[in-house]
Enquirer: 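Starting off with a structure, shown below.
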Amino acid sequence: MVTFLPSRPGRLADVPAFTRTIGGAESNVACALAAAGHTVRWISRVGADGFGDHLVEAIGAYGVDTSAVRRDADGRPTGIYFRTATDRSTTAHEVAYYRAGSAASAMSPRTMDLADLWSGRVLHLSGITAALSDDCLALMRELSERRAGRPLLSFDVNHRPALWRDDSGPRVLLDLARGADLVFVGDDEAAQLWDLHSPEAIREALPEPAVLVVKAGANGATAFVRHPGTGTGTGTGAATGTGTADSAVDTVTSVPALAVDVVAPVGAGDAFAAGFLSATLRDLPTEARLRHGHLTAAAVLTDAGDVSAPPSRAHADRLAALDDAAWAGLRLGPGWTSGAAEPGQRQEAVPAS
């Protein structure tokens, strides 16, 4: 999807000009993972138009394999959207989607190749796709079926009320999440969708995924990692075990968010997912996965676009390995991802005020 960023703050009606860039939850994750050094394929449909050309070229420039992207031959255009500069969670935020009838909305079990979709170690999906059309929802339902040979299925709830054509969103998104192996959901989304108001309540409603990550914005994130076993779970950092003997056990790990000088608040959720998935692919511990999620989100928060180059792997690993006190003392500002300063120095890390 092509995104148009405002030239200045204000209502859409008052913004005189916009800058064209790339956006879309899945492509954002793909770009961030490729920039972090992973082999990534983006699978979608775009229009046979200039915006489609731009998307394929720009996403490919991050190192993403776009060979499985299909061009729509029936005149459907590439989807676009305009947004304001404000936080999506505030009432001042405005977004104008032009995705109805888009090329992506024609994705279906008939138009997408399952062999392409199952070609990686991880298949990452978003609840946004399910809202685009009945065909897209049918594809999402098929992909979320638990079947032999399916790669690890990652699902970001990504609730966008403006995209849903009816009131089926809460039920559909809950069903799709239950079919995934790894789920990302914001605590604000869970409250709005399902009237659930704590990480524990969300986990109770979503017992099926092996990993559930509940994001709480500036308050951090909590991961529930389920594994068969007995007794109580153990973990590093702020980790506790839940469960009973002879049952599946959750190891619960919470990591506080970083202090960040925010430039633009949009895209952080996708970046968090990318950071967590990157650490998952590297088989890092749960606490490190959460910290890498926070660091990749901070890279986007300190940049104007929906996609931003993450820190180098060595840079991120060094920060993720800090002790709890040093982690709590980090403050990240614009330009920190390219810095080589030690914790305590401006642009990378300064004591939080």
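Everything numeric in this text was worked out from a predicted model, so none of it was measured.
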Enquirer: NE2/His93 to CZ/Arg11 distance, rounded to the nearest 0.5 angstrom?
Expert: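 Answer rounded to 0.5 Å: 15.5 Å.
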
Enquirer: Among Leu123, Ile128, Thr129, find the one that has a side-chain contact (heavy atoms from CB on, under 4.5 Å) with Leu125.
Expert: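 The single option meeting the side-chain contact (heavy atoms from CB on, under 4.5 Å) with Leu125 is Leu123.
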
Enquirer: So, Glu287 side chain and Thr253 main chain: donor-acceptor pair closer than 3.5 Å or not?
Expert: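 A pair under 3.5 Å: no.
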
Enquirer: Apply side-chain contact (heavy atoms from CB on, under 4.5 Å) to residues Tyr81 and Met1 and explain how you reach the verdict.
Expert: CA-CA 8 Å; Tyr81 89 109; Met1 180 174 62; 3.2 Å; yes

Enquirer: Got a salt bridge between Arg45 and Asp74, using NZ or NE/NH1/NH2 to carboxylate O under 4.0 Å?
Expert: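 Not counted as a salt bridge, because no side-chain N and carboxylate O are separated by less than 4.0 Å.
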
Enquirer: Is it the case that one hydrophobic cluster holds both Leu33 and Leu284, taking links as side-chain heavy atoms less than 4.5 Å apart, direct or via other members?
Expert: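 No; tracing contacts between hydrophobic side chains, which count when under 4.5 Å, never links both residues.
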
Enquirer: Could you measure the distance from the CG atom of Asp250 to the NE2 atom of His227? Nearest 0.5 Å is fine.
Expert: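 Between atom CG of Asp250 and atom NE2 of His227 there are 7.5 Å.
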
Enquirer: Does either side chain, that of Asp49 or that of Thr78, offer a donor lying less than 3.5 Å from an acceptor on the other one?
Expert: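 The criterion, which ignores hydrogens and geometry beyond distance, is satisfied for Thr78 and Asp49.
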
Enquirer: Hydrophobic cluster membership, with links at side-chain heavy-atom distances under 4.5 Å among I/L/V/M/F/W/Y: are Phe272 and Val122 in one?
Expert: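 Same hydrophobic cluster.
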
Enquirer: Check the side chains of Ser278 and His38 for a donor-acceptor pair under 3.5 angstrom, ignoring hydrogens and angles.
Expert: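 A donor-acceptor contact under 3.5 Å links the two side chains.
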
Enquirer: Could you please spell out the steps behind the side-chain contact (heavy atoms from CB on, under 4.5 Å) verdict for Val2 and Arg20?
Expert: CA-CA 7 Å; Val2 174; Arg20 183 195 64 181; 3.5 Å; yes

Enquirer: Side chains of His315 and Asp317: any donor to acceptor distance under 3.5 Å?
Expert: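 No, His315 and Asp317 have no side-chain donor paired with an acceptor closer than 3.5 Å.
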
Enquirer: Apply side-chain contact (heavy atoms from CB on, under 4.5 Å) to the pair Asp187 and Gln192, showing each step before the final yes or no.
Expert: CA-CA 9 Å; Asp187 59 352; Gln192 183 180 17; over 6 Å; no

Enquirer: Which residue pairs pass the ring pair (Phe, Tyr, Trp, His ring centres under 6.0 Å) test with at least one member in residues 103-122, sequence neighbours excluded?
Expert: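 Not a single pair qualifies under ring pair (Phe, Tyr, Trp, His ring centres under 6.0 Å).
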
Enquirer: So, do Ile43 and Asp113 sit near enough that their side-chain heavy atoms are less than 4.5 Å apart?
Expert: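 Sidechains of Asp113 and Ile43: no contact.
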
Enquirer: I need the Leu152 CG to Thr280 OG1 distance, nearest 0.5 Å.
Expert: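 Those atoms lie 7.5 Å apart.
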
Enquirer: Looking at Arg146 and Asp181, is there a salt bridge between them, counting it only when a charged N and a carboxylate O are closer than 4.0 Å?
Expert: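 Here Asp181 pairs with Arg146 in a salt bridge, since their nearest N and O are under 4.0 Å apart.
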
Enquirer: For the atom pair CE (Met140) and CG (Asp135), what is the distance rounded to the nearest 0.5 Å?
Expert: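 Going from CE on Met140 over to CG on Asp135, the span is 13.5 Å.
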
Enquirer: Would Leu193 and Leu174 show up in the same hydrophobic cluster when neighbours are defined by side-chain heavy atoms closer than 4.5 Å?
Expert: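 Yes, Leu193 connects to Leu174 through the hydrophobic network.
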
Enquirer: Under the rule for salt bridge (charged side-chain N to carboxylate O under 4.0 Å, His left out), what residues qualify as partners of Glu204, not counting sequence neighbours?
Expert: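 Not a single residue meets the salt bridge (charged side-chain N to carboxylate O under 4.0 Å, His left out) criterion with Glu204.
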
Enquirer: Side chains of Trp194 and Val157, heavy atoms from C-beta outward: is any pair under 4.5 Å?
Expert: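 Counting from C-beta outward, Trp194 and Val157 do come under 4.5 Å.
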
Enquirer: For Tyr98, does the OH atom have more than 12 heavy-atom neighbours from other residues, nucleotides or ligands under 6.0 Å away?
Expert: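 Open: at most 12 neighbouring heavy atoms sit under 6.0 Å from OH of Tyr98.
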
Enquirer: Would you name the heavy atoms of Ala103 and Gly47 that are closest together and state the gap between them?
Expert: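 Nearest pair, atom of Ala103 first, then Gly47: CB-N, 3.5 Å.
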
Enquirer: Is the distance between the ring centroids of Phe184 and Phe155 under 6.0 Å?
Expert: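 For Phe184 and Phe155, the ring centres are not under 6.0 Å apart.
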
Enquirer: Does Asp283 offer a backbone N or O that forms a donor-acceptor pair with the side chain of Arg289 under 3.5 Å?
Expert: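 No, Arg289 side chain to Asp283 backbone: no donor-acceptor pair under 3.5 Å.
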
Enquirer: Do you know which of Leu12, Ile80, Thr21 makes side-chain contact (heavy atoms from CB on, under 4.5 Å) with Phe4?
Expert: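 With Phe4 as partner, side-chain contact (heavy atoms from CB on, under 4.5 Å) holds for just one option, Ile80.
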
Enquirer: Heavy atoms, side chains only, cut-off 4.5 Å: are Asn158 and Asp270 in contact?
Expert: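 Asn158 reaches Asp270 side chain to side chain.
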
Enquirer: Is there a path of hydrophobic side-chain contacts, each under 4.5 Å between heavy atoms, that joins Val172 and Leu143?
Expert: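 Looking at the clustering, Leu143 is in the same group as Val172.
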
Enquirer: Does the separation of the ring centres of Phe82 and Phe18 fall below 6.0 angstrom?
Expert: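 Judged by ring-centre distance (under 6.0 Å), Phe82 and Phe18 do meet the cut-off.
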
Enquirer: Under the criterion side-chain contact (heavy atoms from CB on, under 4.5 Å), which of Val260, Asp261, Leu319 is the partner of Trp336?
Expert: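 So the option named by the test is Leu319.
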
Enquirer: Below 30° counts as parallel, above 60° as perpendicular, anything between as tilted: where do the rings of Trp327 and His294 land?
Expert: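 Ring orientation, 0 to 90° scale: tilted.
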
Enquirer: Less than 4.0 Å between a side-chain N and a carboxylate O, is that true for Asp324 and Arg291?
Expert: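 Yes.
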
Enquirer: Do the non-hydrogen side-chain atoms of Val69 and Thr66 ever get within less than 4.5 Å of each other?
Expert: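 When only atoms from C-beta onward are counted, Thr66 and Val69 do touch, with a gap below 4.5 Å.
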
Enquirer: Mind telling me whether His159 and Trp164 have parallel, tilted or perpendicular rings, with 30° and 60° as the class edges?
Expert: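 Rings of Trp164 and His159: tilted, 30 to 60°.
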
Enquirer: Going through the distances and angles, do Leu212 and Val214 end up as a side-chain contact (heavy atoms from CB on, under 4.5 Å)?
Expert: CA-CA 6 Å; Leu212 170 67; Val214 180; 4.1 Å; yes

Enquirer: Okay, side chain of Ser7, backbone of Ala17: is any donor-acceptor separation there less than 3.5 Å?
Expert: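 Yes: the side chain of Ser7 pairs with the backbone of Ala17.
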
Enquirer: Taking atom types as modelled, find out whether Thr222 and Ser254 have a side-chain donor-acceptor pair closer than 3.5 angstrom.
Expert: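 Side-chain D/A pair, Thr222 to Ser254: present.
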
Enquirer: Can you name the closest pair of heavy atoms from Val15 and Gly10 and give their distance?
Expert: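 For Val15 versus Gly10, the nearest heavy atoms are CG2-O, 3.9 Å.
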
Enquirer: Roughly how far apart are Arg178 CZ and Ser144 OG, rounded to 0.5 Å?
Expert: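 Here the rounded value is 12.0 Å.
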
Enquirer: Under a 4.5 Å cut-off applied to non-hydrogen side-chain atoms, are Arg203 and Pro209 in contact?
Expert: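 Sidechains of Pro209 and Arg203: in contact.
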
Enquirer: Does a side-chain N-to-carboxylate-O contact under 4.0 Å join Asp116 and Arg41?
Expert: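 So Asp116 pairs with Arg41 through a salt bridge.
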
Enquirer: Go through the steps to decide whether Asp166 and Arg171 satisfy the test salt bridge (charged side-chain N to carboxylate O under 4.0 Å, His left out), and finish with yes or no.
Expert: CA-CA 11 Å; Asp166 53 34; Arg171 174 183 51 80; over 6 Å; no

Enquirer: Looking only at non-hydrogen atoms, find the nearest pair between Ala273 and Asp156 and report the distance.
Expert: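 So the two residues come closest at CB-OD2, 4.2 Å.
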
Enquirer: Mind checking the CG-CG spacing from Leu137 to Asp175? Nearest 0.5 Å is all I need.
Expert: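 Separation between the atoms: 9.5 Å.
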
